[in-house]
Structures are given as C-alpha cells and as structure tokens.
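If you're wondering where the values come from, they're calculated on a predicted model, not measured in any experiment.
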Protein chains: 2
Amino acid sequence: MMQTPHQSLWVKQDDPRTIEIIDQRSLPHEVVIEELNTLEDVATALREMHVRGAPLIGVAAAYGMYLAACHVTKDQSFQATMEKAALTLKATRPTAVNLQRAVDRQRVQIQETHSRERGRQRLFEEAQRIREEDIEICRKIGEHGVSLIHAIARKKKKTVNVLTHCNAGWLACIDWGTATSSIYQAFEQGVDLHVWVNETRPRVQGASLTAWELSQRRIPHTVIVDNASGHLMRQGRVDLIMVGTDRTTATGDVANKIGTYLIALSAQDNNVPFYVALPSTSIDWTLRNGFDIPIEERAMDEVTQAEGFLDGERKCVQLTPEGTPAANYAFDVTPHRLISGFITERGIAPGCEEGLLQLFPERKAAPHDG
Amino acid sequence: MMQTPHQSLWVKQDDPRTIEIIDQRSLPHEVVIEELNTLEDVATALREMHVRGAPLIGVAAAYGMYLAACHVTKDQSFQATMEKAALTLKATRPTAVNLQRAVDRQRVQIQETHSRERGRQRLFEEAQRIREEDIEICRKIGEHGVSLIHAIARKKKKTVNVLTHCNAGWLACIDWGTATSSIYQAFEQGVDLHVWVNETRPRVQGASLTAWELSQRRIPHTVIVDNASGHLMRQGRVDLIMVGTDRTTATGDVANKIGTYLIALSAQDNNVPFYVALPSTSIDWTLRNGFDIPIEERAMDEVTQAEGFLDGERKCVQLTPEGTPAANYAFDVTPHRLISGFITERGIAPGCEEGLLQLFPERKAAPHDG
C-alpha cells in the first residue's frame, strides 16, 4: 500500500513532464494521486478545485505554464501560445493573488526567449523555485507564529485552544501550511493544544481537509459549524485564532474564505487575538482598499446542496427546495482594524499598513510597483 | 391530492384524541402529516424535531399533557402520572422557555382536579387556548413589525432586503411565524421585498424550511451560507435583520439559533438594524443574564454529516473523516447591547430591559415571579 504523501504537489519521479497532485476532492475519504500532463489538466484541476489554497494554486499555475510550453507545436507561435496559456490559468480563480503572480513570474522567464527548449527549461526551473520558496516561507511562518502559542501556554498552564477557518494547512500549500504551520511546530515542541476546526461551508474544507490533516498528525481537534465560533469565544473557550489569506492589501485588509470577517468581529468583541498567517506572496501591494479585491462567485449548487461521502462515494444531498435561488460568494474581506497581527516569513507585525512596512521596508520606496 | 396545510399543528377533524402535525423532517421534499396519539408520540416528535421552533413546541407540549391524560389507566395515580408526563416533556428540549411554560400552565389546570374526565377536558381547552393565543400573538407581531419594513421602503424606494436566520416562520409557530410575520404582511401589502435566507447549519432549517415557506407564498428570496451574511452587510445589501428567539431574559439577552450572535455583531459593525421578533411567551422574567440560559447540546453527527435529499430519500453524507470529534451547540446568546429592538405583540421597543418594561409594565411590580 502506498504511503500517504505529506506534500500536496510534486514532480513525478523519473518523469519531469508529469506533475503529481493529491486530488483533494477525494479527501478525507481516500488519498487519490492525479497526474497532470497538460495546460488543460492544470486549468481543470484549478477550476474544479482538485488543488486549492492560495499558495498551492500559485505553484500549480507555475507548473501549468511549464506543461503548456512542453506541448507547443512547431506551427504555433511560442510567445502567443504561452500568452494564451497565461490568460487561461489566470481566469481559473480570480481572488488569490499568488496565482496571478506565479503566472507573471513565468511570463518574465520567457519574455526574451527565442529557443523553445531553453524556455521550457527556464519555466521548469522557475516553477521548482516557486515551490521551494513556498515550503521555506511556510516553515518560517510557523517558526515565528509558534511564539504566540508558547506565550499563551506559559500564561494559561492548561490546554491552548486555537481556532482556525477553512484549510490553510499543507494541503493549501506544498508543506507545513500557513495558519497550521505554527500549530504543527507547537505540537512537535510538546505544547498541550487543541484546535477548533470551523467546518467552512459551503465546501467544508475545514471539516474535510483540516480535520484530516490534524488527524494524520494526531493533534487533538473538534469540528464545529461556522455558526458556533462566536458562542465558543463568549464562553472563553478560544485562546487564539489563526487563519490564512488569499490576498491582502498594502493597507492590511485581508481577503480570506467567506466567514472570516464574522470570526474577526467576534474575536474583537471577546478580546481573542486574531492573527493572519500571511506569506508575502499573498500581499497585493498595488491595492489600498479591501473593497477593490475581486471576490469570486461560485456555482449556486455548492450552497443548495451539501457534498460528502455516502457508502464510499462522493454524493450531493439537496438542502433547499428544488429551484431555490442561492448566492455563493467564496471570500470576504476583513478590515485591518479587526486584525491583531500578521505572521509572515519575516516575523510578526501589527495588523496594519505600518506593520507590513516594518517587515517589508523595501516597499516603502516603491509601494505601488505590484 | 391533499392541499398543502398552512398551519403546523391542529386537532384532527372529528377525532379530538388525535393531534396532527406536519412532520417537518420531510420538508422541503414532501409534506407528510403525522398523527400523534400518546405522550410518547409527542415526546418523540419534540426530541427528534418532527416539530421545532419555540412557539410550536410549547403548543405541542400542551397537547402532549392532554394526550397523556387521555391514557391514564384506572390503576394509575392521575396526579403522579401527569407529573411524570410533565417531566418527560420538559426534558425533550431544554432551551426554549415556551415549552416549560406551556407544561406549567397545564399543571395548574389539573392541580386540584379529582375527576379525571374533568382534568382531561380542562387540559384540552387550555391547549386549544395556548394554540389560539400563539396565532394571535404572531399576527400582532407582524402588524407592528411591518412598520419597520414600510419605513425602509419609503426611504429607499427600491427593493427592501431583509435577512433572517433559521426558521422563525409559521412552521416554527402555528401560523404567521414570528420573524416572518412582518415579511408576510409587508408582501401582502405590496412592498417590494427580497429575503436573504441564512441556511443555518447544522440542521439547515433556513435552507429547507424558511426557503420552502417563502416559495409557497412566492416571496423573492435567496439562500446563502451562514458565513456570507457579514459580506452582504459590508456590501450594503442588507437593510434589516429579523430573527426569532427561543428564550429572552428580563434584561433583553436573547438565546436564539446558533450563529445569531455573529449576525448581530456584523449588523452593529455595519449599522444594519437588528430586530428580534419576541412573543412575550418566550420572555423568561426570572433570568437577568444570558449566560444563565441553558444551551442545548445535540448529537455530533449533525455536524460531521449533512442531511438532505437524494433521489427523493432523506440521506446523510459524511463531511469529516470517520471518527472526527465534533461539538454541537444548538443556540447562542446575543447580548442586548447588540439588539436594535424587540417586536412583540404589544408593539416595538428598544432592545433592553427598559424597552421590555415599557411594553410589559405589569412586570415592574413583580419582576421575579416567573
């Protein structure tokens, strides 16, 4: 039996023209490995969320550009075909900035390349680099964030209760995760902790993916409906909140999975620290207002139905009367005034523009260069 | 074909020893009428939520006492058997005060009754009275609350967007509903309105029951996941929030379906009026602090699974890995500081103790008599 992989995407051994991913739609029921060989394979995997999570979709898109380059035929213009590939990939998921940025990094690689073979090679190397960078960023986020958990453990001398939303774990990245990296590192260092996992309707990535990740590492956790986070905070049963982000403005407004804003409001009302694990790759230095972040709208049936497993098969049950209209906004924006702090690969900073600039001072000189 | 009933519970025609209910578990897929003949039938219907909603479970419990009296045998003590019946009914659902109160009203009816036949008759009449009172209370709540909707319609001159949570409609009562009564009356009076329906995990009474009720009356509505209410408010797309309540303290703290507190926080943050439709039967004058309201905890599988319809049958799909621990708090408490006002059968008042006492001045003299 195959061992469960502990990364979400990798280049197939002995076959550098094949990318392998965990098809996350089969989790938590089954670990299915999918091979991606073409641009269309990658675009489908992004659009239909075989892979999801801002950092991971950036890495996947980078390999998508590489796979597109592998299949440019002799009668096609390399530049024009690659430009079309870039647009195809960018259109799959509009909210996360990582995807846009990874594709743009790949564009730069081939800007002045006239040799197709050379272009392919450069795209491959850059995708590998983006992948390695992501692992390192996540590891460092955890290294910094773990201090927050230790501080509570020292003061409280009882189990530390961390609440998280959606999946900002290694399944959303390559390894470690963003919000979960501190949790994994604290647990490895022996901290007595317990995680409240918001199920995260409509796609329940918390109940399925985060719960699966935590169970794999035997970290104590309890799944709750999203509605319950406020009640738990009122009862004093949440010590710390850690969430991820899909895109953060230069002013510190955070787009993350729908529902994050409500958690942040409740955190403020109950004096619970609310931290965003923020890889610098997800900062959009060109935006100054959260209202300018495009919010993806997804299909109605994710809301009118619930998807899960029944007798080992993925099935949907209908929740509403047939034909009921629904709206499905995938993300919301939490204004920086509700954010205690950002945990980045360079350290922890207050949840505001000044905080971000403390950690990324090079942005003071050129704040609008994207 | 049977016509769809427009009430949730009634005495069977020509058979006063049978109570009929809509078995709400089959909605929205099918309208199933269930006959209740014994105390145990009623207790099961309460516990397993064939009927639900604070006002309706009060009425059902009142008839439960009557049905219990119908089956006391000659060798049983009438008083002792009825006392046991009262405890059985009270234990089915701990949070709503209506149930406790309806059972206590029935106890008073038989306190000094030595004739069983006379006792039965009195229990029947009192149950009928509680039922009629509920209809009248709901009708009046709507008569008062509709002024809030008219005021917004006059000012906005466009569609009025009302958001509601869970089901505080006629399915939760006998007729009209509490939170929905104003909506129904405004719609009948020609107001251009649209309802945002929170699905209300885990049991999705919003997506199933409220959406069904609104579709029956052709009122425009859109179902959203509970996570989305904050986003909609930030976008200025909610004009008014109306919710029900299971128990309200004398100081105005409101226990209602889990998630209500988060909506109230978001309403405050976005200056959206947040009203609680408050039949006086749900006020617990003996409590002065929301933290003292007992909060029902329900089975874990309501959280780890989602229940809905598949090929015409009620099915559950598994959301989490098998064996994942979950917590299932059915209600939360919204502190009165977040409540714009109460809509009661006597009128509208500010969301605080003084507001309640304006409408119920008789409570000033004896605030603690329960």
Side-chain angles (χ1 to χ4, degrees), chain A residues 27-29 196-197 199-202 204 207-208 211-212 215 220-232 234 257-263 265-266 268-269 291 295 302-310 314-329 331-333, chain B residues 27-29 196-197 199-202 204 207-208 211-212 215 220-232 234 257-263 265-266 268-269 291 295 302-310 314-329 331-333:
Chain A
L27 290 175
H29 189 71
W196 294 109
V197 180
E199 65 168 350
T200 323
R201 276 280 290 161
V204 297
S208 57
W212 181 79
S215 70
H221 62 283
T222 305
V223 172
I224 53 171
V225 295
D226 307 308
N227 281 328
S229 63
H231 175 69
L232 289 172
R234 291 258 290 162
K257 182 61 53 196
I258 191 84
T260 303
Y261 166 60
L262 294 173
I263 303 168
L265 283 170
S266 176
Q268 188 190 49
D269 199 48
F291 284 110
I295 299 297
E302 291 183 356
V303 174
T304 57
Q305 302 180 345
E307 199 174 350
F309 286 86
L310 180 67
R314 187 163 272 278
K315 294 277 186 190
C316 289
V317 290
Q318 180 75 23
L319 305 177
T320 65
E322 290 291 341
T324 298
N328 186 7
Y329 305 95
F331 303 92
D332 63 20
V333 175
Chain B
L27 291 175
H29 189 71
W196 294 109
V197 180
E199 65 168 350
T200 322
R201 276 280 289 161
V204 297
S208 57
W212 181 78
S215 69
H221 61 284
T222 305
V223 172
I224 53 171
V225 295
D226 307 307
N227 282 327
S229 64
H231 175 69
L232 289 172
R234 291 259 290 161
K257 183 60 52 194
I258 192 86
T260 303
Y261 166 59
L262 294 173
I263 302 168
L265 283 170
S266 176
Q268 188 190 50
D269 199 46
F291 284 110
I295 299 297
E302 290 183 356
V303 174
T304 58
Q305 303 180 347
E307 198 172 350
F309 286 86
L310 180 67
R314 187 163 273 277
K315 293 279 185 188
C316 289
V317 291
Q318 180 75 22
L319 305 176
T320 65
E322 290 290 342
T324 298
N328 187 8
Y329 305 96
F331 303 92
D332 62 20
V333 175

From the list B:D332, B:T324, B:I263, B:V225, the residue making the most non-hydrogen contacts under 4.5 Å with chain A is B:V225
Option in B:V204, B:D269, B:I224 with maximal non-hydrogen atom pairs under 4.5 Å from chain A:
B:D269
Do side-chain atoms of A:N227 reach the backbone of B:T200 as a donor and acceptor pair under 3.5 angstrom?
no
A:E307 versus chain B, the contacting section by heavy-atom distance below 4.5 Å
backbone
Could you pull out the closest heavy-atom pair between A:L310 and B:K315, with the gap in Å?
CD2-CD, 4.1 Å
What part of A:L27 gets closer than 4.5 Å to chain B, counting heavy atoms only: side chain, backbone, both or neither?
neither
Heavy-atom pair of closest approach, residues B:Y329 and A:H231
CG-CD2, 3.7 Å
Side chain, backbone, both or neither of A:V333 within contact of chain B (heavy atoms, under 4.5 Å)
both
Where do A:L262 and B:S229 come nearest, in terms of heavy atoms and distance?
CD1-OG, 3.9 Å
For A:H221, enumerate each residue passing the ring-ring contact (aromatic ring centres under 6.0 Å, His included) test, keeping only those at least two apart in sequence or located in another chain.
none
Is chain B contacted by the side chain of A:N328, its backbone, both, or neither, given a heavy-atom distance below 4.5 Å?
neither
Counting heavy-atom pairs under 4.5 angstrom with chain A, the leader among B:S266, B:S215, B:A306, B:S208 is B:S266
What part of A:F291 is in contact with chain B, defined as an atom under 4.5 angstrom from a non-hydrogen atom: side chain, backbone, both or neither?
side chain
